[in-house]
Amino acid sequence: MAADVYQHLHNILDFGKHIMKQFLGENYVHHGDVVKLPLDFLKSLCLKVQSERPESRCEKEMDVSGYAMCLPNLTRLQTFPFVEHRPIFCIEIKPKCGFIPSSAYITKEVKKKVCRFCMHQHLKAAKGKWKRISKYCPLDLFSGHKQRMHFALMSLLQESQNNLKIFKNGELIYGCRDDQEYLSDLNELACQLKPFFFPSNGLIGGPQCPKTILKELINVLTSTLLSTSPDTGRPANMKPIPVSQGRNYCEASHFCTEYLQSGKHKMESAGLPKGCILYKMLQAQMLDMLDIEGLHPLYRRVEKYLEECPEERSTLLLDGPYDETFFERLKDLSLEDDGSVEYAVTKIQQYRVAMTAKDCSIMIALSPTVQEECFDSRPLIKASRSSFMYSVSILDLDLKPYENIPYQYKRDSKIVNHYLKSIQPQEEPSTSLIFPESEDCTLLLHQV
Ligand SMILES: O=P(O)(O)O[C@@H]1[C@@H](OP(=O)(O)O)[C@H](OP(=O)(O)O)[C@H](O)[C@H](OP(=O)(O)O)[C@H]1OP(=O)(O)O
Ligand SMILES: Nc1ncnc2c1ncn2[C@@H]1O[C@H](COP(=O)(O)OP(=O)(O)OP(=O)(O)O)[C@@H](O)[C@H]1O
């Protein structure tokens, strides 16, 4: 049992170290270490954290067999550990899938028009996972278009669900609260963040203030998400997947509906700078080239083969090791199915990597600089009245299990069918949230 856990944790570590680092970049991935911990400590820790865990996660039990994964605290700056004592805030974003599939295996046309996140919102609201439908659409965030990105980030702030959290000096101060009104929360947030953006205090005031602070926050986040890191990430010999294969906007996006209604007939595609975290994440997500509808028959092919030759499971590398050989196989982007089990396995592994990239989170840690530090060559993000040292990391890079594929297949059709049913009566007109760069947003906020 403990040996299995040890092996499992090592697999996670190797997957981060040898596979996800290649896709996402050396600087963004912290693979951690497997550590042995005293059983007593683990048991008391388990009791202590149980009451803090979200109810929906409590069916998963904490493993207390003796091994654990030790990761750096990603709410702190990873690039400058010597500034540990400095005030810092960190934004965690779980962006989800940023593209619309274009696979020929898709049977429902709506999947080529509306993104999975927006469709899934309806099912989540119906099941009571969240009270309200979010106006966030991942395609807006991944668009590289500043106005769309601002809209996406503002929508995340308004309805954070499990897609946005904010930490101040390592402590959660915002997010994951569906039971509170967002207005009071946003005021409180602005209040907490004010010293970071307006350190000299007193210079700025009046009723615009919280809105100004949130806009500063959104600008800083957008710049960070679009900033490029010098490390290479995806190796040069792996062809990039063209982002333009599917449509570049989602028909259910509140931004796009209004933008197109306002007489703009085409969604211009600004595109993401190659090398920024969103670009890298999107490339990894797009390894899902067949969609679950094209993938599921390949899963059945492998299952059939394994029924006949169960001893072949390790040769197929379904469960690792996650090393160079595994990575080499992921590079084959060909979609010519020769009917072989090898082809099926390659597509399955690419799909699992893509699913992992669709469910991981970005941690953006920001710490304001003091004037005398501004002379060196560290990357800085500038706001109107302050500037920040920052680090970007990716969290939750456990490879999604092979065994989940049939479940993903069923859930896909459940999400789509529910969406089609729920939009049938009439489309709700959306209320304006767009705030062009020259105009103020229309949020009601109190002075802080
Ligand atoms: O399928 P999705 O898109 O609902 O993603 C699941 C997540 O739900 P979300 O939509 O982000 O609220 C879900 O998030 P929550 O636990 O609900 O916060 C998990 O991350 C789940 O992964 P796993 O099965 O625990 O490894 C995720 O499942 P996978 O599909 O990534 O396996
Ligand atoms: N290394 C880290 N640094 C800072 N915060 C972290 C770190 N790892 C996890 N967290 C915080 O804990 C949350 C849950 O982490 P994660 O999703 O990895 O847990 P999990 O193992 O999936 O949880 P569960 O046991 O419920 O399945 C993250 O969303 C993040 O807010």
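In listed order, ligands and their atoms are each counted from 1. In what follows, residues are counted from 1 in the order of the sequence shown.
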Below 3.5 Å, can you tabulate the donor-acceptor pairs from side chains in residues 30-39 to any protein atom, sequence neighbours excluded?
{"unit_1": "H30", "atom_1": "NE2", "unit_2": "S393", "atom_2": "OG", "d": "3.4"}

Ionic contact status for D396 with K94, cut-off 4.0 Å: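 No, this pair does not count.
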message: Checking a contact table here: which protein heavy atom is nearest atom 16 (O) of ligand 1, and how many Å away?
response: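 The protein heavy atom lying closest is R57 NH1, 2.1 Å.
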Residues Q192 and K168: side-chain donor-acceptor under 3.5 angstrom: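 Judged by distance alone, the side chains do pair up.
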- prompt: With a 3.5 Å cut-off and no angle check, do the side chains of Y390 and S227 form a donor-acceptor pair?
  reply: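 Y390 vs S227: donor-acceptor pair found between side chains.
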All side chain to side chain contact (heavy atoms under 4.5 Å, CB included) counterparts of K112, not counting sequence neighbours: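 If we apply the side chain to side chain contact (heavy atoms under 4.5 Å, CB included) test to K112, skipping adjacent residues, the hits are I106, E109.
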- prompt: For F197 and F388, what are the C-alpha separation, side-chain angles and deciding distance, and is it a side-chain contact (heavy atoms from CB on, under 4.5 Å)?
  reply: CA-CA 9 Å; F197 290 100; F388 298 89; 3.7 Å; yes
- request: Quick one: look at K96 and ligand 1, take heavy-atom pairs under 4.0 Å, and tell me if it's side chain, backbone, both or neither.
  value: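 The part of K96 near ligand 1 is the side chain, not the backbone.
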query: Got the closest protein heavy atom to atom 30 (O) of ligand 1, with its distance?
result: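 Its nearest protein heavy-atom neighbour is Q408 NE2, 2.8 Å.
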- request: Carefully, step by step, assess N219 and H150 under the rule side-chain hydrogen bond (donor to acceptor under 3.5 Å, both in side chains).
  value: CA-CA 7 Å; N219 280 333; H150 287 190; 3.2 Å; yes
field: Per-atom contacts of ligand 1 with D359, taking only distances under 4.0 Å to non-hydrogen atoms
entry: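 Counting atoms of ligand 1 from 1, those under 4.0 Å from D359 are 5 (O), 6 (C), 7 (C), 11 (O), 19 (C), 20 (O), 21 (C), 22 (O), 27 (C), 31 (O).
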message: F255 and ring pair (Phe, Tyr, Trp, His ring centres under 6.0 Å): which single residue from Y249, Y136, F151 fits?
response: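 The ring pair (Phe, Tyr, Trp, His ring centres under 6.0 Å) with F255 is passed solely by F151 among Y249, Y136, F151.
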- prompt: Would N248 and F142 count as a side-chain contact (heavy atoms from CB on, under 4.5 Å) if you check the C-alpha gap in whole Å, the side-chain angles of each, and the deciding distance to 0.1 Å?
  reply: CA-CA 9 Å; N248 63 14; F142 282 93; over 6 Å; no
message: Residue-level breakdown please: for K129 versus ligand 1, do any non-hydrogen atoms fall below 4.0 Å on the side chain, on the backbone, on both, or on neither?
response: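 Just the side chain.
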task: Output the set of protein residues with a heavy-atom contact under 4.0 Å to ligand 2, ordered first by chain identifier and then by residue number.
output: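 Lining ligand 2 at under 4.0 Å, by heavy atoms, one finds R53, R57, K60, L71, P72, N73, L74, T75, E92, K165, F167, M363, L395, D396.
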task: Could you tell me the residue and atom name of the protein heavy atom closest to atom 25 (O) of ligand 1, and the distance to it rounded to 0.1 Å?
output: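 Here the nearest protein heavy atom works out to K60 NZ, 3.4 Å.
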- prompt: Please state which protein non-hydrogen atom is closest to atom 13 (C) of ligand 1 and give its distance, to 0.1 Å?
  reply: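 Sorting protein heavy atoms by distance from atom 13 (C) of ligand 1 puts K94 NZ, 3.9 Å first.
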task: Pick, from R411, M355, K124, H120, the option with the minimum heavy-atom distance to atom 10 (O) of ligand 1.
output: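 Shortest heavy-atom distance from atom 10 (O) of ligand 1: K124.
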- prompt: atom 18 (O) of ligand 1: which of N162, D396, I292 has the nearest heavy atom?
  reply: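 The nearest heavy atom belongs to N162.
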- prompt: Are the side chain of Q121 and the backbone N or O of S134 linked by a donor-acceptor pair below 3.5 Å?
  reply: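 Such a contact is found between Q121 side chain and S134 backbone.
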task: Look at atom 23 (P) of ligand 1 and find which of Q161, K400, R116 reaches it with the closest heavy atom.
output: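 Looking at heavy atoms only, the winner is K400.
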Please report, to 0.1 Å, the donor-acceptor pairs under 3.5 Å made by any side chain of residues 6-14, with sequence neighbours excluded.
{"unit_1": "Y6", "atom_1": "OH", "unit_2": "H10", "atom_2": "NE2", "d": "3.2"}

